[in-house]
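Values below: every heavy atom of this structure, side chains too, minus hydrogens, waters and symmetry copies. Sequence lines set the chain letters: A, B, ... in the order given, protein chains first and strands last, and positions in each chain run from 1.
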There are 2 protein chains.
Amino acid sequence: MHPRYARIADELRAAILGGEIPVGTPLPSETVLAARHQVARGTVRQAVAVLAAEGLVGSRQGARRIVLGRERSQNFAVLHSFAQWARAAGHEVTGQVIEQRRRTADAAEAARLGLAVGDPVLRVLRLRRLDGAAALLERTVYAGWLAPAVERLPADCDSVTQALYESRGLVFAYGEHLIDAVAAGSEDARLLGVRRGGPLLRQRRVTTTREGRPAEWSDDRYRAGSVTFAIRNAAGALAVNPPG
Amino acid sequence: MHPRYARIADELRAAILGGEIPVGTPLPSETVLAARHQVARGTVRQAVAVLAAEGLVGSRQGARRIVLGRERSQNFAVLHSFAQWARAAGHEVTGQVIEQRRRTADAAEAARLGLAVGDPVLRVLRLRRLDGAAALLERTVYAGWLAPAVERLPADCDSVTQALYESRGLVFAYGEHLIDAVAAGSEDARLLGVRRGGPLLRQRRVTTTREGRPAEWSDDRYRAGSVTFAIRNAAGALAVNPPG
DNA sequence: GTCCCTAGCTTGTTTGGACAAGTTCTCTGC
DNA sequence: GCAGAGAACTTGTCCAAACAAGCTAGGGAC
């Protein structure tokens with residue numbers, strides 16, 4: 001069973017998304033919500049903190065909380081798994097490994113993955129399609145301890161994240177992401193079907209397990225127009241999601 | 001005076017950034033920290049929640065918290081003010097208004113700013129330089145009620161956000177940001193000094209006051225290579241900052 | 001009618017306690 | 001030596017209460 005505050009948050013979120021509490025109007029006060037749900041005020045505060053982190057409501061000391069938006073943020077899942085985001089958004093995702101081989105870590109890879117130079121790693125080049133159209137080129141380096149599990153995956157595996165969770169119970173819990181724009185190189189242009197020198201959205205990321213162990217380092221390039229990152233921030237609390 | 005939990009968070013952050021608690025090692029337990037700082041456990045939990053939102057530490061029920069990184073996230077300020085971020089990062093920022101005129105809101109602008117079609121707005125085209133080099137082209141639409149304050153600003157105002165805060169006490173508290181890559185149009189190319197069709201990082205944003213009133217809607221285009229967005233996420237809590 | 005000021009409301013901070021749920025490590029039995 | 005059962009520890013959830021700090025509306029003075 002979900003904890004109490006999560007259920008209260010769900011109920012409030014549904015009310016906001018459903019338009020029962022319109023954008024710009026104040027939420028009921030914490031005291032009122034606490035009485036209505038028969039809980040302590042602290043529990044209500046946990047619930048609204050969730051909504052604030054999603055960017056749905058804002059708050060100022062002394063005044064009632066205000067509804068800021070009507071779009072749900074999927075939080076973080078997005079940045080960890082392209083496939084899981086795309087499916088949730090109703091798109092069809094396919095993937096194809098183009099190249100895969102073991103190597104030893106160079107200085108940059110070792111630093112990113114917390115390894116020593118020369119430690120074994122697995123490099124994978126993967127092309128992903130969104131509704132049939134080439135959308136994303138992933139150049140991923142997996143830490144050596146992950147290599148066997150990744151190599152066992154089929155070449156057309158749609159969701160690596162999900163496959164690793166199911167086969168090894170592995171969860172990519174934390175991540176650091178660098179986002180910028182770059183010109184398409186010749187390989188990028190050929191595989192993504194764009195002009196060389198044209199715009200690509202680049203996301204470089206390091207993903208870490210729940211234990212804090214770096215698992216993968218990746219350079220992902222999205223064809224312009226295929227994906228948009230959405231970030232909502234509410235004075236300290238942030239949420240991320242890519243809308244259609 | 002900062003609240004108690006903020007001071008504890010500052011102290012822990014300094015210890016992490018200074019390397020006293022190395023990456024990958026566990027934080028002291030909440031009970032230990034509470035005893036050390038002579039506060040209740042709840043206060044310590046608020047402090048570590050701050051660090052978790054910054055992406056510095058992770059947590060799993062039952063196990064001690066783990067230090068994930070050593071880079072500070074500046075949270076949200078970044079997304080609200082280019083000038084304030086750049087100055088904090090040690091860069092010199094200049095700005096120049098290229099075009100500025102009053103208009104009436106079209107359908108798209110009205111929807112973004114919560115206005116009616118035909119309501120007055122102020123459109124501004126602004127070029128910003130980072131250490132002397134053209135870095136960012138801003139196409140901003142201000143809601144009518146903000147127009148007089150914006151028009152009073154000098155054409156070479158470096159930080160609009162700060163100027164509006166000082167002159168009107170206005171704070172841009174909440175924001176929604178869409179980030180993608182686009183090809184430079186002819187005006188983009190000319191003003192930013194890049195090739196037409198070359199890559200630009202685009203950030204479209206709506207900024208809102210503390211009261212939840214939309215204040216500005218902007219299409220910002222960064223020259224590729226001038227800026228990188230950094231996002232760190234820790235299973236639900238997120239932070240954003242653009243590093244050098 | 002307008003301006004100011006206060007009373008009441010609302011969120012922010014903190015305490016101290018209790019139990020639940022998950023992890024880690026030790027110690028025992030094989 | 002190794003695996004499994006616990007014990008001890010750690011984070012997660014929840015409660016009830018109190019005071020601080022900031023906002024808002026209404027009433028009184030002018």
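- Taking every heavy atom of both residues into account, B/C157 and B/A163 meet most closely at SG-CB, 3.9 Å.
- For the residue pair B/I16 and B/G69, the shortest heavy atom distance occurs at CG2-O, 3.4 Å.
- Taking all atoms of both residues into account, the shortest heavy-atom contact from B/S218 to B/E138 is OG-CB, 4.4 Å.
- The closest donor-acceptor contact from the side chain of B/H91 to the backbone of B/R87 lies at 3.5 Å or more, if one exists at all.
- A/S59 has a side-chain polar atom (N or O) that falls below the 4.0 Å cut-off from OP1 or OP2 of C/dG12.
- Donor-acceptor pairing under 3.5 Å is lacking for the side chains of B/T140 and B/E216.
- With respect to the salt-bridge test (charged N to carboxylate O, under 4.0 angstrom), the residues A/E30 and A/R45 qualify.
- The only member of A/R204, A/Q203, A/R205 that meets side chain to side chain donor-acceptor pair (under 3.5 Å) when paired with A/H177 is A/Q203.
- The outermost nucleotides of DNA chain D lying under 4.0 Å from heavy atoms of chain B, listed 5' to 3', are D/dT10 to D/dT13.
- Near DNA chain C, defined here as any heavy-atom distance below 4.0 Å, the residues from residues 33-45 of chain A are A/R41, A/R45, listed numerically.
- Closest non-hydrogen pair, B/A110 versus B/A116, comes out as CB-C, 3.8 Å.
- A/R13 has a carboxylate O that lies under 4.0 Å from a charged side-chain N of A/D10, or vice versa, which qualifies the two as a salt bridge.
- Both B/P28 and A/A6 lie close to DNA chain D; mapped to their nearest nucleotides by heavy-atom distance, the more 5′-ward contact belongs to B/P28.
- Straight-line distance from the CD1 atom of B/I8 to the C1' atom of C/dT14: 11 Å, rounded to whole Å.
- Put simply, the side chain of B/V44 does not reach to within 4.5 Å of the side chain of B/Y5, judged on heavy atoms.
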Please list, pair by pair, any protein nitrogen or oxygen found under 3.5 Å from a nitrogen or oxygen in nucleotides 23-26 of chain C.
| unit_1 | atom_1 | unit_2 | atom_2 | d |
| --- | --- | --- | --- | --- |
| C/dT23 | O4' | B/G62 | O | 3.4 |

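- A straight line from CG of A/L27 to C1' of C/dC9 spans 16 Å, rounded to a whole angstrom.
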